Amino acid sequence: MSVDLDRLVAALRPEERAALTAGADMWTTVPIERLGIPALRMSDGPIGARGATADHQSLTPSVAVPCGAALGASWDPALVAEASAIVARQALEKGARVLLAPTVNLQRHPLWGRNFEAFSEDPLLSGVLASAYIEGVQDEGVAATVKHLVCNETEFERYTSSSDLDERTLRELYLLPFEFAVRRAGVLALMTSYNRVNGRHVPDQARLVTEILRGEWGFDGVVMTDWWAMTITEEAGETGLDLEMPGPARSFGPALAGAVEAGRVDERHVAEKARHVLGLLGRLGLLDGAAGEPAAGATAEEHPQDRPEDRAALRRAAADSLVLLRNDGVLPLELAAPAGVALIGPRALHPPILGGGSAKVRPHYRLSLLEALRAAVGAGVEVEHEEGAGEAGIERAVALAGRSDAAVVVVGTDEVIESEGHDRISMALPAGQDELVERVCRANGRTVVVVTSGAPIALDSATGAAAVIQSFFGGQEVAHALADVITGRSEPGGRLPVTLPLRLEDTPAYGNFPGESSHVRYSEGLLVGYRWYEARRLAVAYPFGHGLSYTSFELGAPSCSTDRLEQGDALRVELTVRNTGQRAGSEVVQCYVAPPGETGRPGGRLRAPKELRAFAKVRLEAGESTGVVLELGPRAFAYYDVADTEWPELVARRPPTGDQGEQALHRSRPGWYVEGGRYALLIGRSSADIAHRLEVDVAGGDEPLDAATLPG
Ligand code: BGC
């Protein structure tokens, strides 16, 4: 039923309009019973639906899907949508119609405490997967809330810290996943960040919230604050921010009504905010009772279900998120009874399934890797466990490994080390784990090291391992998935959504994380993640996009829909992928765009040496082949020009000497522009493993591109 929002807004009294702009309590908005407007209930996200309790102990149980980084490692939009739909159904079972997810900030620095929640270091991968996540949620009748706008990439002094960056970097990298969420997925809600951006809190900035989000992108859903984030009544009152959370109100609600009465905020802004909140209720079908009896908008009842089909889907999803970094052939394990398998490590009994903070849920059940592995290897093969903690424990683990046919060592971080609220202090494994890994690898040449974390870990101690698996916190079924992959029941389907650096000192934001004196300078600019390592020609431990399969693939010669692209055109690249190995498996075909010319020439614009612009994941039986189509949007070759309106005046003021020196192109209108030239399309299996290079002439233009396009 469509609701006449104008009439409903007009029917509200001024104080009711203002009441709609702030929460009633921790998770709900204010109901207006007089007009049949119910409260709207929300729940965190993104790993599961937490429900309406604040303290972890009293949470009702929930499914726990793979964390953002693990979903990022799947490179699979369909899988992401399947997982998020499970979360959305659980949200409904907990009486919530708004899910506070997904998190689309970028993995800018390995030590950010919330990296595990975020999909990737790359904005396109983040944007495409976030869109899938949102569609999965919203198809279930739940509003997704993309968060946190924007540059929320440290926990250090997170309410006050200012992320300082130039507009081109903001547009090309940090805003892009949000733009995807709005333009591609039609996200219904958005949460602003705690941190400031260039010195001011986001809700108070008309530039970000009103001009870009509402104006340029046309977002007409609800913009809410993060919980207890700082805002100024008069400033946020006039921007596109709608809802202050949680309640009771502080800056909005009665304070906003007071500011209107005092003439400090225009009443039409409050009406607009109320209209957005009502619009969301309407889109969720919650206004059908207006005006009369309240419709059932939100109930406090929580009846979460634990379904076998969810367990099965999440088991596949977790395996598809495991990244096989290295394998000398030991995997999948072929086991010779009776020597059996040594399962070693502090994370081996219960590999961490999630990170800490508001994304943490209480899973329906806990699965032990020991049990999962015993079930997977079957009767007749022993699996023995040794934790390996402390000197004596390491000795016992080494002895066990020495008399076993193979060893599996599980090390890494957990939800205490990686959590909202604090950053990590080092990329190293927790104390004692490096020694354990090194010594077990020496004791048994068939040692598989499993690293569980939400973000990069220094893997120096694993150089002697026969195989290394990176397991991003993989949700409730990760133990099953590990057992499946180790024994070959499943293949490891993941590819790195983030570069694994050799050393912290090599990383792009080194020296500018977490900032000082309340400012984080994003001085690496455009060169985040692989863009940085490629530009600086720095060696890495494992490149972005990397991951091995148990089978092999051939990427056939690609063809391009055109070899000359006009401004505003999209481009299709087609190729055949063949599984040339002996078993079924999956491959992720990645397409990067490399700009023409030399980076660093005078007047030239900085361009990353390559940028991910399209990808496709394919699953093939042994010997099977399939055609893959990669679509590159009109913005795939563009950069954002901030424009230089003062340039003509500056040039005019300089007395003519006949020698202006060399000059660059200065545009007077900001926007997305394409510089004409011969671009390369690099098609491969990771940012460093490029199988094919195609060239295409791309026409430049003096006019900005249609702003409504996306790069992928
Ligand atoms: C987090 C948000 C979360 C909110 C509600 C905040 O601390 O930053 O991501 O949705 O709390 O729990």
Side-chain angles (χ1 to χ4, degrees), residues 22-29 40-60 62 67-69 84 87-88 90-91 94 96-107 112-119 126 130 133-134 137 142-161 163 177-178 181 187-197 201-203 222-231 241-248 250 298 354-362 415 418-423 454 514:
D25 58 21
M26 190 66 176
W27 304 112
T28 58
T29 59
L40 185 57
R41 181 174 290 275
M42 312 179 186
S43 166
D44 272 314
I47 280 145
R50 266 166 82 88
T53 18
D55 74 301
H56 188 70
Q57 299 319 317
S58 43
L59 285 176
T60 54
S62 174
C67 74
S84 69
V87 179
Q90 194 96 106
K94 296 198 176 192
R97 298 297 302 272
V98 177
L99 183 76
L100 305 175
T103 304
V104 301
N105 301 105
L106 296 185
Q107 294 196 29
W112 178 37
R114 295 181 86 169
N115 272 327
F116 71 90
E117 274 185 60
F119 293 109
S126 304
Y133 188 105
I134 292 160
V137 170
V142 173
T145 310
V146 65
K147 66 189 188 181
H148 315 81
L149 187 85
V150 58
C151 294
N152 186 168
E153 277 107 14
T154 172
E155 296 305 282
F156 180 70
E157 298 183 342
R158 63 175 173 157
Y159 303 108
T160 48
S161 164
S163 301
F178 292 95
V187 72
L188 293 176
L190 176 143
M191 189 190 290
T192 54
S193 56
Y194 283 136
N195 55 280
R196 294 178 294 156
V197 173
H201 282 108
V202 174
V222 164
V223 180
M224 69 181 83
T225 63
D226 199 344
W227 267 229
W228 298 285
M230 292 160 72
T231 54
L241 179 78
D242 302 312
L243 181 62
E244 176 192 46
M245 284 303 289
R250 287 151 292 129
L354 41 64
S358 60
K360 187 171 156 180
V361 297
R362 186 155 77 80
E415 68 201 48
E418 289 193 61
S419 172
E420 178 179 341
H422 61 85
D423 296 317

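Every value quoted in this text rests on a predicted model; they were computed, and no experiment measured them. Just so it is clear, the values below take in all heavy atoms, side chains as well, and ignore hydrogens, waters and symmetry mates. Atoms within a ligand are numbered from 1 in the order they appear, just like the ligands themselves.
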Looking only at protein heavy atoms, which one is nearest to atom 8 (O) of ligand 1, and how far off is it?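 In this structure, atom 8 (O) of ligand 1 has Asp226 OD2, 2.6 Å as its nearest protein heavy atom.
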
Among protein heavy atoms, which lies nearest atom 10 (O) of ligand 1, and at what distance? Asp44 OD1, 2.6 Å

Are any of the N/O atoms in Trp27 less than 3.5 Å from those in ligand 1?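 There is no such contact.
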
Looking only at N/O atoms, are Glu117 and ligand 1 under 3.5 Å apart anywhere?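 No; the residue has no nitrogen or oxygen that sits under 3.5 Å from a nitrogen or oxygen of the ligand.
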
Check contact between [X] and ligand 1, using heavy atoms of the residue and a distance below 4.0 angstrom.
| X | answer |
| --- | --- |
| Tyr159 | no |
| Arg114 | yes |
| His148 | yes |
| Tyr194 | yes |

Please check if the side chain of [X] supplies one atom and the backbone of [Y] the other of a donor-acceptor pair under 3.5 Å.
| X | Y | result |
| --- | --- | --- |
| Trp27 | Asp44 | no |
| Arg50 | Gly45 | no |
| Asn195 | Val150 | yes |
| Ser193 | Leu149 | yes |

What are the atoms of ligand 1, with element, lying closer than 4.0 Å to any heavy atom of Lys147? 2 (C), 3 (C), 9 (O), 10 (O)

Could you tell me, atom by atom, which parts of ligand 1 come under 4.0 Å of a heavy atom of Leu100? 10 (O)

Go through Val87 and Val137 one step at a time and tell me if the side-chain contact (heavy atoms from CB on, under 4.5 Å) criterion holds. CA-CA 7 Å; Val87 179; Val137 170; 5.6 Å; no

Let me confirm one number: the OG-CD distance from Ser419 to Glu117, rounded to the nearest 0.5 Å.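 One finds 9.0 Å between OG of Ser419 and CD of Glu117.
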
Shortest non-hydrogen contact between Thr145 and Met191, atoms and distance: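 Residues Thr145 and Met191, closest heavy atoms: CG2-N, 3.7 Å.
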
